[in-house]
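Scroll down for the structure; my scribbles are underneath it.
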Number of protein chains: 2
Amino acid sequence: MKTSGRRTTEGIKGIKQKKEKLKSFLKEKGLKSTRQRDLVVSEFLEMGEHVTAEELYKEISKKYSDIGFTTVYRTLKLLNKSGLAAERVFADNLTRYEPLSAEDHHDHLICMKCGSITEFQDLRIERLQERVADEFGFVAVSHKMELYGYCKKCKDNA
Amino acid sequence: MKTSGRRTTEGIKGIKQKKEKLKSFLKEKGLKSTRQRDLVVSEFLEMGEHVTAEELYKEISKKYSDIGFTTVYRTLKLLNKSGLAAERVFADNLTRYEPLSAEDHHDHLICMKCGSITEFQDLRIERLQERVADEFGFVAVSHKMELYGYCKKCKDNA
DNA sequence: AGGAAATTGAAATTCATTTTCAATTAGACA
DNA sequence: TGTCTAATTGAAAATGAATTTCAATTTCCT
């Protein structure tokens, strides 16, 4: 089956690696690294997955009152462009971001009661997707798959 | 494989059936059927799939200048609540509606160049989705799967 | 240190979606 | 058929997330 549960918090190693990657990206594009940028990136990488710009902003505000929403927003966009974060929109229509490593693809189980988001990957499904695309002469570049329902916890407390 | 291509325009029979179903729904809820409502529904069912409220409104405006956007919007919402239309949001973040028959579930291939949307269904994928959900103790109620890439036409003209 | 270019953050803007409200209409019942 | 009440309509306003603007500030190359 090869599925994997919710990722644990980003390891320190992964975070350092990502910050390095961002640094290269900035240099390559002639962009600058700033205190705000660095802080937002750190918070984002530590915070874990599927945060909205708003959520991240609120979290950051607690510690650093001088970082504006716009900067958080722009930094997330930047991370996305640099390939370090994925932008995702689920049924609630909010744009969420999650740290992304190169090969790391996964889909989501979304609880309609508590809102929890669990990640999974299933290679067999991916192979079938390819086949379907082929049948239509379609070249698939990416996909999106979300299962909506009730997580173990919410289902049990019913 | 059991896939199906883009549906052809709704058959007359299907349309009548749906209008009947709507009528029941309205009566059941104590709602009224109006000239505007009827026209919007007719246009919607004839127009085919994946229209936005805006698109449908523009189309309707050509023939009936007295039907406002709000009415079109509200009628689509109503169709959705009555189970006759599905609301979908793809990568462009616009809310689209499509006629829906009871058992009729399908997913989408979306061309990133021309924007065409092709429907498909694959029972094997659905079974695997169920299995994945089970593994997590998750009860899946619905799902969403979209493959983004290039359709045959766009791929060939590259 | 000097200066060009990027960044910041508050505020303004955009744009689809949703709500408000006064005027109109449907349709149940007499 | 007329009456009445609740639903409907449509223009306009409101909402709210996402994005852009702009003047002030900061980075970092030389």
Side-chain angles (χ1 to χ4, degrees), chain A residues 22-44 50-82 85-97, chain B residues 19 22-44 50-82 85-97 115:
Chain A
L22 178 64
K23 204 174 274 180
S24 320
F25 181 83
L26 293 179
K27 189 160 276 179
E28 180 194 325
K29 300 278 179 183
L31 303 178
K32 292 166 181 172
S33 98
T34 64
R35 183 182 69 91
Q36 291 95 324
R37 209 107 103 173
D38 293 350
L39 283 171
V40 173
V41 171
S42 294
E43 279 298 319
F44 172 64
H50 312 118
V51 285
T52 61
E54 190 62 34
E55 286 166 356
L56 185 56
Y57 167 65
K58 276 192 187 141
E59 201 53 35
I60 288 174
S61 293
K62 290 180 192 165
K63 303 187 194 169
Y64 313 100
S65 61
D66 64 323
I67 295 184
F69 169 80
T70 315
T71 298
V72 174
Y73 166 78
R74 281 189 286 224
T75 303
L76 288 171
K77 283 290 193 195
L78 181 70
L79 284 168
N80 180 239
K81 277 186 191 139
S82 70
E87 240 182 45
R88 299 189 184 276
V89 180
F90 299 121
D92 63 4
N93 251 47
L94 297 179
T95 303
R96 291 165 194 282
Y97 296 83
Chain B
K19 286 188 182 169
L22 178 63
K23 203 174 277 180
S24 319
F25 182 82
L26 293 179
K27 188 160 278 178
E28 180 194 327
K29 300 276 180 187
L31 304 177
K32 292 167 182 172
S33 98
T34 65
R35 185 184 67 90
Q36 291 96 323
R37 209 108 103 172
D38 293 351
L39 284 170
V40 172
V41 171
S42 293
E43 279 297 319
F44 172 64
H50 310 119
V51 286
T52 62
E54 191 62 33
E55 286 166 358
L56 185 56
Y57 167 65
K58 275 191 186 142
E59 201 53 34
I60 288 175
S61 292
K62 290 180 189 163
K63 304 187 195 169
Y64 312 99
S65 61
D66 65 323
I67 294 184
F69 169 79
T70 314
T71 298
V72 173
Y73 166 78
R74 280 190 286 223
T75 303
L76 288 172
K77 283 290 191 196
L78 180 69
L79 285 168
N80 180 241
K81 278 185 191 140
S82 71
E87 241 183 45
R88 299 187 184 277
V89 180
F90 299 121
D92 63 3
N93 251 51
L94 296 180
T95 303
R96 290 165 194 282
Y97 295 84

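In this text the structure is predicted, and so the values were computed from the model without any measurement. So you know, we letter chains A, B, ... as the sequences are listed, proteins then strands, and number each from 1.
When distances are taken from the side chain of B:Q36 to each of C:dG9, D:dT9, D:dA7, the shortest belongs to D:dT9.
Place B:G30 and B:R74 on DNA chain D by their nearest nucleotides, and B:G30 ends up nearer the 5' end. Where B:Y57 and B:L31 each meet DNA chain D at their nearest nucleotide, the meeting point lying more 5' is that of B:L31. Positionally, the nearest nucleotide of DNA chain C for A:T71 lies more toward the 5' end than for the other of A:T71 and B:T34.
Checked against side-chain contact (heavy atoms from CB on, under 4.5 Å), A:I67 has the following partners two or more places apart in sequence or in another chain: A:Q36, A:L39, A:V40, A:I60, A:Y64, A:T71, A:V72. In this view, B:K29 and B:F25, B:L31 satisfy the side-chain contact (heavy atoms from CB on, under 4.5 Å) rule, not counting sequence neighbours. For A:Y57, the ring-ring contact (aromatic ring centres under 6.0 Å, His included) partners two or more places apart in sequence, or in a different chain, are A:F69. With sequence neighbours excluded, the residues forming a side chain to side chain donor-acceptor pair (under 3.5 Å) with A:D66 are A:R35, listed by chain and number. Qualifying salt bridge (Lys or Arg N to Asp or Glu O under 4.0 Å) partners for A:E54, counting only residues two or more places apart in sequence or in other chains: none. Partners of B:K19 under the side chain to side chain donor-acceptor pair (under 3.5 Å) rule, at least two apart in sequence or in another chain, are B:S42. For A:S33, the side-chain contact (heavy atoms from CB on, under 4.5 Å) partners two or more places apart in sequence, or in a different chain, are A:L26, A:D38.
Atom pair A:L26:CG and C:dA5:P shows a separation of 19 Å (rounding to whole Å applied). Rounded to whole Å, atom C1' of D:dA7 lies 16 Å from atom CZ of B:R35. Protein atom CG of B:L76 is 11 Å distant from nucleotide atom P of C:dT18, rounded to whole Å. One interatomic measurement links the two molecules: CD of A:E55 to P of D:dA18, which rounds to 11 Å at whole-angstrom precision. One interatomic measurement links the two molecules: CG of B:D38 to C1' of C:dA26, which rounds to 12 Å at whole-angstrom precision. Distance B:K32 NZ to C:dA26 P: 9 Å, rounded to the nearest Å. Spacing between atom NZ of A:K29 and atom C1' of C:dA5 amounts to 17 Å, rounded to whole angstrom units.
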At a cut-off of 3.5 Å, list every protein nitrogen or oxygen paired with a nitrogen or oxygen from nucleotides 28-30 of chain C, distance to 0.1 Å.
none

Please write out each protein N/O paired with an N/O of nucleotides 11-17 of chain C under 3.5 Å, distance rounded to 0.1 Å.
{"unit_1": "C:dT17", "atom_1": "OP1", "unit_2": "B:T95", "atom_2": "N", "d": "2.7"}
{"unit_1": "C:dT17", "atom_1": "OP1", "unit_2": "B:T95", "atom_2": "OG1", "d": "2.8"}

Kindly list each side-chain donor-acceptor pair under 3.5 angstrom involving residues 87-95 of chain B, sequence neighbours excluded, with atom names and distances?
{"unit_1": "B:E87", "atom_1": "OE2", "unit_2": "B:K77", "atom_2": "NZ", "d": "2.8"}
{"unit_1": "B:E87", "atom_1": "OE2", "unit_2": "B:Y97", "atom_2": "OH", "d": "3.4"}
{"unit_1": "B:R88", "atom_1": "NE", "unit_2": "B:E98", "atom_2": "OE2", "d": "2.3"}
{"unit_1": "B:D92", "atom_1": "OD1", "unit_2": "B:L94", "atom_2": "N", "d": "3.1"}
{"unit_1": "B:D92", "atom_1": "OD2", "unit_2": "B:R96", "atom_2": "NH2", "d": "2.5"}

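A distance of 11.0 Å separates NE2 in B:H50 from CD in B:E55, rounded to the nearest 0.5 Å. In this structure, the separation between NZ on A:K23 and OG on A:S82 is 14.0 Å, given to the nearest 0.5 Å.
Within residues 58-67 of chain A, the residues that have a heavy atom under 4.0 Å from DNA chain C are, in order of number, A:D66, A:I67.
Of the side-chain N and O atoms in A:S33, none sit less than 4.0 angstrom from OP1 or OP2 of D:dT26.
Closest non-hydrogen pair, A:N80 versus A:A85, comes out as ND2-O, 2.8 Å.
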| Which is it for B:F44 and B:T75 under the side chain to side chain contact (heavy atoms under 4.5 Å, CB included) test, yes or no, and what are the steps along the way? | CA-CA 10 Å; B:F44 172 64; B:T75 303; over 6 Å; no

